[in-house]
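Presented below is the structure to which this report refers.
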Amino acid sequence: MDYNFAHIEEKWRDYWRADKTYQVAIDHTRPKYYVLDMFPYPSGAGLHVGHPLGYIASDIYSRYKRLKGFNVLHPMGYDAYGLPAEQYAIQTGTHPAETTMKNINRYRSQLDKIGFSFDLERELCTCDPIYYKWTQWTFIQLFNSYYCNHAQQARPISELIDIFAKQGTKNLDLARTKDLSFTAETWNVMSEKEQQETLMNYRLAYLDDAMVNWCPELGSVLANDEISDGLSVRGGHPVERKSMRQWFLRITAYADRLLSGLGTIEWNESIKDIQRNWIGKSVGASLFFDIEGSDEKIEVFTTRPDTIFGATFMVLAPEHELICQITTDDQRADVQEYVMYTKNRSERERMTEVKRVSGQFTGTYAINPFSGKRIPIWVADYVLMGYGTGAIMAVPAHDSRDFAFACHFNLPIIQVVSKQEEPITDSSTWTESYDSKDGIIINSDFINGLTVREASEKIIAEAEKRNIGKGKINFRLRDAIFSRQRYWGEPFPIYYKNDIPYAMPESELPLELPEIDAYLPTETGEPPLARAKNWKTKEGYPIETNTMPGFAGSSAYFLRYMDPYNKKQFFSKESIDYWQQVDLYIGGSEHATGHLIYARFWNMFLFDLGLIPESEPFRKMINQGMIQGRSSFVYRVNIEKLAEYFIWNKIKDKKLGVEFVQNFRDGKHKFDFFAPEIKLLVEVKRAQSSEKDVSSYAKEKGYKILLIPVRQVIEKTDIILQKIKDVIAGKEIEVFEDSDPLKETGFYVSKNYPGREFYTDPIHVDINLVQNDVLDIDAFRKWMPHFANAVLLLEDGKYICGWEVEKMSKSKFNVQNPDDLVERYGADTLRMYEMFLGPLEQSKPWDTQGIEGVSRFIKKLWRLFHNNENEFVISDEPATEKELKTLHKTIKKIDDDTSRFSFNTAVSAFMICVNELTDLKCNKRAVLEPLLILIAPYAPFVAEELWSQLGHAGSITKQDFPKLDENYLSEKSFVYPVSFNGKKRFELELPVDTKQAEIEQIVLNAPEAAKWIEGKTIKKVIIVPNKIINIVV
RNA sequence: GCGGAUGUGGCGUAAUUGGUAGCCGCACCAGACUUAGGAUCUGGUGCCGAAAGGCGUGGGGGUUCGAGUCCCUUCAUCCGCACCA
């Protein structure tokens, strides 16, 4: 047995590199297929076992597609801009590029070990100027574009300038920041500055003042997904709201297309749902309410215009601009106090105190435009300024939040929707609102008797007629803040002339990231780039000092892989025409509301420019599950005591015929067990320190002694018991010495537990076994069967320290490094094991215990080709029917499973196949050659090696997928399960072409059947040919 | 609260249209070989039962000759969003 994976894998890694086996080029004779992984951010911790899961899957699929005759583009690169490198730079002064390159090199070598079939020539890196030139270029295109809602398309801003000059804003429907309305005359007399400011209202990349999440500690603005519970995800620093001038991308212009596009792509429904939710389209109406004693109107957005007659008050968000104006003098102090209170309430408090009702009456009334009733205007922070208009009409009868508010402040509740078939109840006695849209309108004048839907339509039509409102669609999606006050990101190709931002000429790209002396904001709070010397254009104009966020570089990288060295274009027309779009994208679902939305948006924009043929970037996507860390809570167990009890219970259990005394004391010595009849001392020892002492004492007394190193207790119980039996049987034994009892104890020894004492060992325990911080002993024994009969001694019965199962991370000390596994088992084993773990899309805890099975499987495969002396033994004799049946069954199964990404069952099929061939002692070339091709995508190294041993030159990856011959699969007979009343009772083998009537005859007369039929009448016999026989009695 | 997903042996899992529940692997048990090897091989292994047999896919109910699979209901866990009007 000599499967030397280390040697084999090194050999083929070198071969692939030298041969450029995986290099691809445009080839019009073959269909293309583009398989993409989400490229990694190369963190300092290196790759962990969760990373390769998706990469292995995509690699198997790529290799599979190649065998199937496709020209496969399968590239890899690095998402190199990111906060960790910058943080490290701030702390140590190391240039982020240096840290990043170091990490990339580490990642590359780690990936290389696993045997991925990436076209390494196409590797890209987002922080490389030849790459980010095109990130900047795309930004300029966004800056120079506006969005026409009418055409549902991005258009050049130059076109808009012409339109403004001719007709102003008349008849235009544009994506915009604010509603502006001006004539051509007004436009034409505007100054350059005014015109530019106006254009800013329409650009797809624009500047605006915005409340942002400012983190003083990091000196940076953070995206919503970079914040959790009011603290920054990185570092956990407090985050506050602050108004700043920021770059935005007008992603909201694409809200509808981002939503409808989901219908055209093969993505996991749950990801689509997350995106739908994130975009948050609501159809409703915008209605205007008159304010008593004011010329102003309050605009509200509602999805339930049908309930307008039930609106008994209005609520404004505390930031609403009209509050100051409309508050009456006697309420002013209270309202101001309330507004201040909500302002100081942190984001976090607001989130955690959702249930708490608070608000303040302004003293003013509005007029319900339909009922004409006076309704009070309140201020409350359950209304958010960021959604809709920051004002609502409150319908307490049919909205739970309004209901809670009305109850708290004792405001009237009017029912206007009645569930059909239910009597109308007194709404003042309600304990909850009726929010359902299922019902008939009541108490509502001209819409009475209509359904909710009909009433909504009628109200909207009426409002439009009376010019007091209109139908409106609202989105939850916000424009993306695109500025970061950081160093380590793409600089904006923007300069300021008279404070007006202009795009730099494309010919000056890339605008390279300048060197600076420190990676911190300046004293005055300017971003780090403000430290750069001469950060100005040739003409001397200052350049933007913000940099782009992480998602900038990752939003279109998949296009650049198509033509990574093109200096003149983002990508050539030829390459985009050939590669089109990503056919299969594999990555984590955690990017659902970040990267995956931005990439779609970015792609749609490039589509609008006519640069790419598909408006969706990723045709099909698969999200691999998270691999979670295991071992969570750490218990300290007195391992010697544990071993003693364990052995003691075994001895009692086995009834050895000899009485043992527990804890035998003799003078200064204490032994764990003593059998007086045969003078046997048994001592469980952790270390060797006292062994000599003990054994000399035993010798002196004429006792036999069995010293058991602790680790052996658990692992070698049977052997130990055998030893004891031997002694009882009168055989002589020697003192058993273990060379290094401390080295491995059979438990996981935690290096991270600081106060480890001599007698104790921490044991990692599965978190599921811990409830309310206390270990479930019974469950623990089941989990670790070694302890089934042992008494567990936990210190205080409490956990000592622990952490929860969660994503793998370095900080949790449970990172599993794939390198170690490759070193120990080989890359082929790692690859197959990660696939064998379970369905690709499922989250699963990482557990290396099962890897042995896969390792054995590969050795078994090797042994089909080699004898015990490791000589290559392959026969050219024709294969038998049975062997061919096994082969073709496997071809079919692997083809099916691989094509539907069921890699775990494919691995299982390989195991079955190799088991069967081993049983058949098959070493026929005719069977093993096709099998090797089948397995090559899964275990490429060993496949290549055996392929070359079979005498082939060149790589196995260039072969064709074996052809299935169904003839070998056909069976002559079928073993019918025979059931009575649906319960299987016996089996019956019959030729496959047996007629139904004949089957019935045979079954009913079968001797096994008599027992079940006896004394009963047969009601029915169901026969499904070659499936099942069921007899109803 | 809303949306989505998942519940099958001691464990990871399998069962493509409703048709033999538990494939494959781990762990375990028994044995062979062995030096008491982190190697290999053979057999066993859902639960209860000596057996016959019974019970079994989170719980309850239903449809069906037949349900892990379909329907209703309920519980638990995980993920996403979360005062979105």
Counting side-chain heavy atoms from C-beta on, which of B:A85, B:C26, B:G19 comes nearest to A:R856? B:C26
Expressed in whole Å, how much space separates the C1' atoms belonging to B:G22 and B:G56? 11 Å
Take A:R276 and A:D273 through the test salt bridge (Lys or Arg N to Asp or Glu O under 4.0 Å) and record every step on the way to the result. CA-CA 5 Å; A:R276 282 188 196 108; A:D273 270 317; 3.3 Å; yes
Going by side-chain contact (heavy atoms from CB on, under 4.5 Å), A:L917 matches just one of A:T890, A:I912, A:L864, A:L861. Which one? A:L864
Looking at B:G54, I'd like to know if its phosphate oxygens (OP1 or OP2) sit under 4.0 Å from a side-chain N or O belonging to A:R985. yes
In terms of the angle between their ring planes, are A:Y338 and A:Y341 parallel, tilted or perpendicular, with boundaries placed at 30° and 60°? tilted
For A:Q996, is the CD atom crowded, meaning more than 12 foreign heavy atoms sit under 6.0 Å from it? yes
Could you check which of B:G4, B:A85, B:C24 has an atom nearest any side-chain atom of A:I392? B:A85
B:G4, B:C24, B:U20: which one has an atom nearest the side-chain heavy atoms of A:E987? B:U20
Touch check for A:I1022, heavy atoms < 4.0 angstrom, all strands: base, sugar-phosphate only, or nothing? base
Hey, does A:D273 reach any base, or is it just sugar-phosphate, or nothing, if we go heavy atoms under 4.0 Å? sugar-phosphate
Side chain of A:V1032 (C-beta onward), nearest among B:A85, B:C65, B:C83: B:C65
I want to verify a distance call: between B:G4, B:G25, B:G80, whose nearest atom is closest to the A:N915 side chain? B:G25
State which of B:U17, B:C26, B:A85 makes the closest approach to the side chain of A:K1027. B:U17
Less than 4.0 angstrom between a side-chain N/O of A:R276 and OP1 or OP2 of B:G4, yes or no? no
Tell me what A:S270 touches on the nucleic acid: a base, only sugar-phosphate, or nothing, going by heavy atoms under 4.0 Å. sugar-phosphate
Syn or anti for B:G59, please, going by whether the chi angle lies within 90° of 0. anti
Spacing of the C1' atoms in B:A14 and B:C83 (rounded, Å): 45 Å
Residue A:D897, side-chain atoms from C-beta onward, closest of B:C65, B:A85, B:U16: B:U16
Give me the distance, rounded to whole Å, that separates B:A39 from B:G49 when you measure between the P atoms they each carry. 34 Å
Closest of B:A21, B:U16, B:C65 to the A:R900 side chain is B:U16
Tell me whether the side-chain N/O atoms of A:R863 come closer than 4.0 Å to OP1 or OP2 in B:C41. yes
Nearest whole Å is fine: how far is B:C41 P from A:K860 NZ? 6 Å
Side chain of A:N1030, base of B:C65: donor and acceptor closer than 3.5 Å? yes
Please determine, for the side chain of A:M911, which listed nucleotide (B:C65, B:G25, B:C81) has the closest atom? B:G25
Rounded P spacing from B:G18 to B:G66 in Å: 16 Å
Looking at A:M832, A:R831, A:M835, which one forms a side-chain contact (heavy atoms from CB on, under 4.5 Å) with A:V854? A:M832
Examine B:A85: is either OP1 or OP2 under 4.0 Å from a nitrogen or oxygen in the side chain of A:S282? Give yes or no. yes
Rounding to an integer number of Å, can you tell me how far A:Q842 CD sits from B:U6 P? 9 Å
Please classify the nucleic acid contact of A:N981 as base, sugar-phosphate, or nothing, using heavy-atom distances under 4.0 Å. nothing
Using atom C1' in both nucleotides, what's the gap between B:C24 and B:U73 to the nearest angstrom? 36 Å
N/O (side chain, A:N904) to phosphate O (OP1/OP2, B:A14) under 4.0 Å: yes
Which residue lies more 5' along RNA chain B, comparing A:D919 with A:P839 via nearest heavy atoms: A:P839
With A:Y382 as partner, the option from A:F403, A:F405, A:Y387 fulfilling ring pair (Phe, Tyr, Trp, His ring centres under 6.0 Å) is A:F405
Can you check ring pair (Phe, Tyr, Trp, His ring centres under 6.0 Å) on A:Y938 and A:F910, steps first, answer last? CA-CA 10 Å; A:Y938 290 80; A:F910 281 124; 5.2 Å; yes
Between B:G37 and B:A21, how far apart are the two P atoms, rounded to whole Å? 42 Å
Please tell me which of the listed nucleotides, B:C24, B:A85, B:C65, lies nearest to the side chain of A:K1020? B:C65
